[in-house]
Amino acid sequence: MQVDMRSKPVPAQSPQSRILYVTSEMTDFVKVGGLGDVSSALPRALRVHHDVRVLIPGYREVLAHQGAIPVVARLPAASGLPACDLGKIEMPDGLVVYVVLCPELFDREGSPYGDRSGVDWIDNDVRFARLGLAAAEMVSGVADLDWKPDLLHLNDWPSALAPAFLAWRGHSIPTILTIHNLAYQGLFGAERLPALGIPQTSFQIDGVEFHGKLSFLKAGIFYASHVTTVSATYAREITTPEFGCGLEGLLRARSDQGRLTGILNGIDETWGPQSSQQLSDALQSSDWAGKPANAEQVRKTFGLAVSRGPLFAVVSRLVHQKGIDLTIQAAEILLREGGQLVVTGRGETHLESALRKLAARHPGKVGVRIGFDEAKARQMFAGSDFLLMPSRFEPCGLSQMYAQSFGTLPVASRTGGLVDTVEDGVTGFLLKETSLPELLGALYRAVDIFASPRKLNAMRRAAMQRRFGWGLSAQQYSDVYGTAAASSAG
Ligand code: ADP
Ligand code: GLC
């Protein structure tokens, strides 16, 4: 039986601060990647410490989920940003979610960021400036609510303008920006400033300007009281030119000021093996007896031949970051060693088509499903022996944690959150660097271990015993809130 945290009322114990958590994804409604999962889980975990509410755009999925959403405030137009309503949803567990109701911006067929073919919405600057401004207006009292945040917690570039809007309007409350991925910065032409209500004076190095463009993410890093990112290792990496995407100077300054903190993501209880529905056979917390039944199911779903060899899985956005090209190159060797490969994902067209071709060349040995299917992903985590994640960078990564909780050993790059969550030779295999020879080396090690059931089972047990709960992370966020509040007051 699935244990769904969301159906249980969560007591908000002596709330200390009113926190507004602003996000562009929330798995309750819509998920593109890990941000969706984090935004569903973290605000709930934080309710033990604070009175936390969420603000999201009113995408079609949100409107469909809820039916008629009660309107609690009307937000006026500002510059080129349209007027909108603010809706309020109360989730079954009592979590309050505010919704920016603006059908002309958000009620569309597609993802939060682009149309069905993956092309970014042309008005993403307006859409997400509207989100950031709505958050600021909830603070400034433009939205006349009976609940006013004491602190804003923003996530990635889509909500990163909120601290800037607060500063420009002369409101000072602590603001935290969490960077889930520095590679997505929300860059737009400087000519968009007036339409977005951004003062021309802020278009400078100490402001929103990044190499002649407007950068939403830089604005957030510059104006927020404190910046966090999703692992300690990535927090260090982004202060270097190799991983800093051009923002390493500013991030190093924030780090030197004690205003940059790495806090590892958790995974929520519904990812526990014993609580996952849709699996042929539940796995227990340190018992992988259900794995063969799930593996059989995965092979059937992906049209693979019956085999006693190792089953490798990829569950991923299909983008350069994730090293999918390396996986494709390594696949021939992996098959030669008696392995099979299953892939589910969607993303860049050239990677989708390269994967389709790989499957066509190796019927019965490689199965590829282009698309997004959470149930299938769970089955793959449960039924596979190894998860491939040769990421070029990985701020945190959730898939490798999900995999370990199902006794599936990650083969992953030594970068970001992968370093902080996978123990080389104990719960998985880390590449020394992200390259084809290193990936092949790690794959050979994995195949060797697979041939030795005693060692394989010891690793599975160690992986399943790792705990990646949200408790510690929530405590660390709460500490950062405290620090930011103290420094804003002082
Ligand atoms: P990122 O956020 O960079 O995509 P993460 O590992 O943090 O990487 O999170 C990815 C999340 O998205 C995981 O929950 C993973 O299972 C899920 N996911 C990615 N692609 C798919 C897919 N095609 N189908 C189902 N789930 C997917
Ligand atoms: C981003 C990162 C990923 C991280 C996720 C949630 O999408 O790519 O590494 O796990 O955000 O924080």
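Note that this is a predicted model, so its numbers are computed, not measured. Residue numbers count from 1 along this sequence. For ligands, and for the atoms within them, numbers begin at 1 and follow the listed sequence.
Taking every non-hydrogen atom of N181 and a distance limit under 4.0 Å, the qualifying atoms of ligand 2 come out as 8 (O). Atoms of ligand 1 found under 4.0 Å from any heavy atom of D373, numbered from 1 in the order shown, are 24 (N), 25 (C). Close contacts between ligand 1 and G345 involve ligand atoms 23 (N) [criterion: under 4.0 Å to a heavy atom]. Numbered from 1 in the order shown, with element, the atoms of ligand 1 that lie under 4.0 Å from a heavy atom of F381 read 16 (O). Within ligand 1, the atoms closer than 4.0 Å to a non-hydrogen atom of A377 are 25 (C), 26 (N), numbered from 1 in the order shown. Ligand 2 places these atoms under 4.0 Å from at least one heavy atom of N265: 6 (C), 10 (O), 12 (O).
Remark: ligand 2 and V230 share no N or O pair separated by less than 3.5 Å (distance only, no angle test). Backbone and side-chain nitrogen or oxygen atoms of K322 are examined, and none is located within less than 3.5 angstrom of a nitrogen or oxygen of ligand 2. Checked against a 3.5 angstrom limit, the closest N/O atoms of G34 and ligand 2 fall outside it.
Salt bridge annotation for D385-R460: present, with a cationic side-chain nitrogen under 4.0 angstrom from a carboxylate oxygen.
With a 4.0 Å cut-off on non-hydrogen atoms, S316 touches ligand 1 through its backbone and not its side chain. Counting heavy atoms closer than 4.0 Å to ligand 1, residue K322 contributes side-chain atoms (C-beta onward) but none from N, CA, C or O. The part of D37 lying near ligand 1 is the side chain, judged by heavy-atom distances below 4.0 Å. Residue contacts with ligand 1, taken as heavy atom pairs separated by less than 4.0 Å, involve S399 via backbone and side-chain atoms alike.
Annotation: atom 2 (C) of ligand 2 to nearest protein heavy atom, H180 O, 3.2 Å. Looking only at protein heavy atoms, the nearest one to atom 10 (O) of ligand 2 is G397 N, 2.7 Å. Annotation: atom 4 (O) of ligand 1 to nearest protein heavy atom, R317 NE, 2.6 Å. Nearest protein neighbour of atom 2 (O) of ligand 1, counting heavy atoms only, is G34 N, 2.6 Å. Shortest contact from atom 5 (P) of ligand 1 to any protein heavy atom: L398 N, 3.4 Å. Of the protein's non-hydrogen atoms, E394 OE2, 2.5 Å is the one closest to atom 9 (O) of ligand 2. In terms of protein heavy atoms, atom 18 (N) of ligand 1 is closest to F372 CE1, 3.7 Å.
Taking CG of N155 as the reference point, atom CG of L42 lies at 8.0 Å (rounded to 0.5 Å). To the nearest 0.5 Å, the span separating CD on Q297 from NZ on K376 amounts to 10.5 Å. Considering CE of M464 and OG1 of T427, their distance stands at 13.0 Å, rounded to 0.5 Å.
Distances from ligand 1 to the non-hydrogen atoms of G397 include at least one value under 4.0 Å. Residue contacts with ligand 1 include G371, since one or more of its heavy atoms lies under 4.0 Å from the ligand. Ligand 1 lies less than 4.0 angstrom from a heavy atom belonging to K31.
With atom 7 (O) of ligand 2 as the reference point, the heavy atom nearest to it among Q321, M389, R317 is part of R317.
Shown here for L182 and I238, the closest heavy-atom pair between the two residues is CD2-CG2, 3.6 Å.
Using modelled atom types, one finds no donor on one side chain facing an acceptor on the other under 3.5 Å when comparing Y477 with H49.
A heavy-atom distance below 4.5 Å is not found between the side chains of S413 and E394. Contact annotation: the side chain of F429 approaches that of F386 to within less than 4.5 Å [non-hydrogen atoms, C-beta and beyond].
A donor-acceptor distance shorter than 3.5 angstrom exists from the side chain of R127 to the backbone of P112, with no hydrogens or angles considered. Here the side chain of R369 pairs a donor or acceptor atom with the backbone of T301 at under 3.5 angstrom. The closest donor-acceptor contact from the side chain of Q404 to the backbone of V422 lies at 3.5 Å or more, if one exists at all. Using modelled atom types, no side-chain atom of E109 and backbone atom of R116 make a donor-acceptor pair closer than 3.5 Å. Using modelled atom types, no side-chain atom of S159 and backbone atom of T23 make a donor-acceptor pair closer than 3.5 Å.
Between F29 and H65, the angle of the ring planes goes over 60°, which puts this pair in the perpendicular group of the 30/60° scheme.
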